[in-house]
Protein chains: 2
Amino acid sequence: MSATENQQLKQVLREHELKATTQRIALLKLLDATHEHFDAEEIYLELLKKEKNVSRATVYRSLEALAEQDLVTRLDFGDGRMRFERSKGEDEHHDHLICEKCGKVIEFFNLEMEAQQLSVCEENDFTPSTHTMHIFGTCSDCRTSQ
Amino acid sequence: MSATENQQLKQVLREHELKATTQRIALLKLLDATHEHFDAEEIYLELLKKEKNVSRATVYRSLEALAEQDLVTRLDFGDGRMRFERSKGEDEHHDHLICEKCGKVIEFFNLEMEAQQLSVCEENDFTPSTHTMHIFGTCSDCRTSQ
DNA sequence: TCCCAAAATAAGAATGAATCTCATTTACAC
DNA sequence: GTGTAAATGAGATTCATTCTTATTTTGGGA
Ligand SMILES: [Mn+2]
Ligand SMILES: [Mn+2]
Ligand SMILES: [Zn+2]
Ligand SMILES: [Zn+2]
């Protein structure tokens with residue numbers, strides 16, 4: 001809504017050498033607003049509500065461009081479609097607990113685990129770029145309610 | 001080849017309440033022989049070389065049945081198709097380093113990391129069932145050769 | 001403010017991994 | 001050996017994602 005938010009996002013996009021299209025701005029605004037882990041179709045449908053002109057192809061292309069610049073993060077929860085979240089700072093990396101019953105996603109960060117990852121890479125003379133650390137299981141709500 | 005290997009695999013399948021079809025036996029034999037991380041199409045093509053009758057559908061269905069019984073393990077390296085490996089013992093769980101340049105897969109096990117995972121689950125009142133811990137990056141071969 | 005070339009978009013076709021359908025074959029308990 | 005439920009083969013189908021092409025938009029410069 002706010003013109004200032006639009007301006008800020010325009011700024012962000014340009015800093016990353018991306019043209020500030022209305023679709024990309026709307027996409028970032030959506031992810032900023034919700035903090036959720038949307039898939040492409042959900043993003044497409046949300047954007048349709050707000051903007052008259054959006055196409056699925058643009059959602060996919062924008063997500064690709066934004067992910068390339070680390071403005072959004074791709075998440076693969078292994079169910080056949082990619083999820084996306086707004087990237088937080090370099091310093092705010094986190095991993096995920098995913099409830100197989102209700103789909104809830106719990107974010108966590110564990111410094112010791114990250115340190116062990118680096119240690120494993122060193123042992124294997126391997127230069128890491130990214131990692132996926134997803135723990136699947138049952139959340140407390142789903143465990144108690146059955 | 002060996003009749004004894006066939007008999008052993010028949011035995012294994014029956015212990016898991018799976019009918020010992022020639023296709024399932026051939027599939028297990030292939031994975032036992034190579035220790036590789038094949039996708040379904042690769043498995044299909046390999047089986048075609050050896051058996052005259054195999055269909056893609058059977059490969060997928062067999063892999064599903066075998067994975068259900070933990071005789072094979074599904075691996076999602078995030079590139080759009082699932083990989084499969086022969087499951088090792090409960091005690092031989094491992095995770096993967098995946099080279100983004102050459103596709104090489106390095107297996108590792110880190111007890112401290114696994115312990116931290118349990119600790120994170122406890123903190124979040126979460127009951128884990130499985131996890132994916134894949135580190136993507138560049139292997140030493142690919143780093144030195146360029 | 002107007003103009004232009006390059007880049008991005010809309011709409012829908014194409015792709016490809018995975019699943020489903022159904023007629024036929026096979027496994028295995030009796 | 002028989003019968004029956006389960007598994008298979010072949011190909012159709014699904015569905016997420018990518019591609020194609022004509023059209024529109026962006027951003028820089030006149
Ligand atoms: Mn997250
Ligand atoms: Mn492995
Ligand atoms: Zn839950
Ligand atoms: Zn490599």
Side-chain angles (χ1 to χ4, degrees), chain A residues 6-7 9-28 30 37-69 71-72 74-84 103, chain B residues 6-7 9-28 30 37-69 71-72 74-84 103:
Chain A
N6 274 27
Q7 281 312 117
L9 291 175
K10 258 188 187 175
Q11 186 62 24
V12 169
L13 284 165
R14 288 190 178 137
E15 281 165 6
H16 289 269
E17 314 207 319
L18 293 175
K19 298 207 168 176
T21 66
T22 57
Q23 293 85 347
R24 289 171 178 172
I25 293 169
L27 203 166
L28 285 180
L30 172 66
H37 303 82
F38 283 136
D39 64 37
E41 183 69 13
E42 290 168 335
I43 291 171
Y44 168 65
L45 292 175
E46 284 299 316
L47 292 184
L48 262 193
K49 289 185 194 167
K50 303 185 167 70
E51 313 280 321
K52 32 217 154 297
N53 294 321
V54 202
S55 79
R56 252 175 278 257
T58 295
V59 170
Y60 279 101
R61 279 180 302 222
S62 298
L63 286 170
E64 187 185 6
L66 295 169
E68 183 119 9
Q69 294 299 316
L71 293 174
V72 308
R74 311 177 82 92
L75 303 168
D76 183 355
F77 290 169
D79 62 349
R81 65 216 131 111
M82 287 289 176
R83 309 293 168 93
F84 299 87
Chain B
N6 274 27
Q7 280 313 116
L9 290 174
K10 258 189 186 177
Q11 186 62 24
V12 168
L13 284 164
R14 288 189 178 137
E15 280 165 7
H16 290 269
E17 315 206 319
L18 294 174
K19 297 205 171 179
T21 65
T22 57
Q23 292 84 349
R24 290 171 178 174
I25 292 169
L27 204 167
L28 285 180
L30 171 67
H37 302 81
F38 284 135
D39 65 36
E41 183 69 12
E42 290 168 333
I43 291 170
Y44 168 65
L45 292 175
E46 283 299 317
L47 292 183
L48 262 193
K49 289 185 194 167
K50 302 182 167 75
E51 313 280 321
K52 34 218 152 299
N53 293 321
V54 203
S55 80
R56 253 175 277 257
T58 295
V59 170
Y60 279 101
R61 280 180 300 221
S62 298
L63 287 169
E64 187 186 7
L66 294 169
E68 181 118 12
Q69 293 299 315
L71 293 174
V72 307
R74 312 177 81 92
L75 302 169
D76 183 355
F77 290 169
D79 62 349
R81 65 218 132 109
M82 287 288 178
R83 310 291 168 94
F84 299 87

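No hydrogens, no waters, no symmetry mates; every other heavy atom, side chains included, goes into these values.
- Residues satisfying the ring pair (Phe, Tyr, Trp, His ring centres under 6.0 Å) criterion with F77(A), sequence neighbours excluded, are H96(A), H134(A).
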query: Taking protein heavy atoms under 4.0 Å as touching, what does nucleotides 3-11 of chain C look like 5' to 3' if B marks base contact, S marks sugar-phosphate-only contact and - marks none?
result: ----SSBBB
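- Taking 4.0 Å as the cutoff to heavy atoms of chain B, we find the contact window on DNA chain D bounded by dA6(D) to dG11(D).
- Rotation axes derived from the C1' atoms of the five outermost pairs at either end of the helix from dT1(C)-dA30(D) to dC30(C)-dG1(D) lie 30° apart, to the nearest 10°.
- Without hydrogens or angle criteria, T58(A) side chain to V54(A) main chain gives no donor-acceptor distance under 3.5 Å.
- Looking only at side-chain heavy atoms (C-beta outward), L13(B) and L28(B) come within less than 4.5 Å of each other.
- Annotation for V59(B) and A40(B): closest pair CG1-O, 3.7 Å, computed over non-hydrogen atoms.
- No side-chain heavy atom of L66(A) sits under 4.5 Å from any side-chain heavy atom of F84(A).
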Taking only distance into account, with no hydrogens and no angle test, what donor-acceptor pairs under 3.5 Å do side-chain atoms of residues 15-25 of chain B form with protein atoms, sequence neighbours excluded?
residue, atom, partner, partner atom, Å
E15(B), OE2, Q11(B), NE2, 3.4
H16(B), ND1, Q69(B), OE1, 3.4
T21(B), OG1, R24(B), N, 3.2
R24(B), NH1, K19(B), O, 2.9

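- For E46(A), the salt bridge (charged side-chain N to carboxylate O under 4.0 Å, His left out) test picks out K49(A), K50(A), with sequence neighbours left out.
- Taking atom CD on E42(B) and atom C1' on dA18(C), their separation rounds to 16 Å, with Å as the unit.
- When the salt bridge (charged side-chain N to carboxylate O under 4.0 Å, His left out) test is applied to D39(A), the partners found at least two apart in sequence or on another chain are R81(A).
- Within the nucleic acid shown, A65(B) has no heavy atom closer than 4.0 Å to any nucleic acid atom.
- Among pairs with a residue in residues 55-69 of chain B, those fulfilling salt bridge (Lys or Arg N to Asp or Glu O under 4.0 Å) read E41(B)-R56(B), at least two apart in sequence or across chains.
- Rounded to a whole Å, the CZ atom of R14(B) is 8 Å from the C1' atom of dC28(C).
- The interatomic distance linking F77(B) (CZ) with dA17(C) (C1') rounds to 17 Å, in whole Å.
- Considering all non-hydrogen atoms of both residues, L27(A) and S62(A) come closest at CD1-CB, 3.7 Å.
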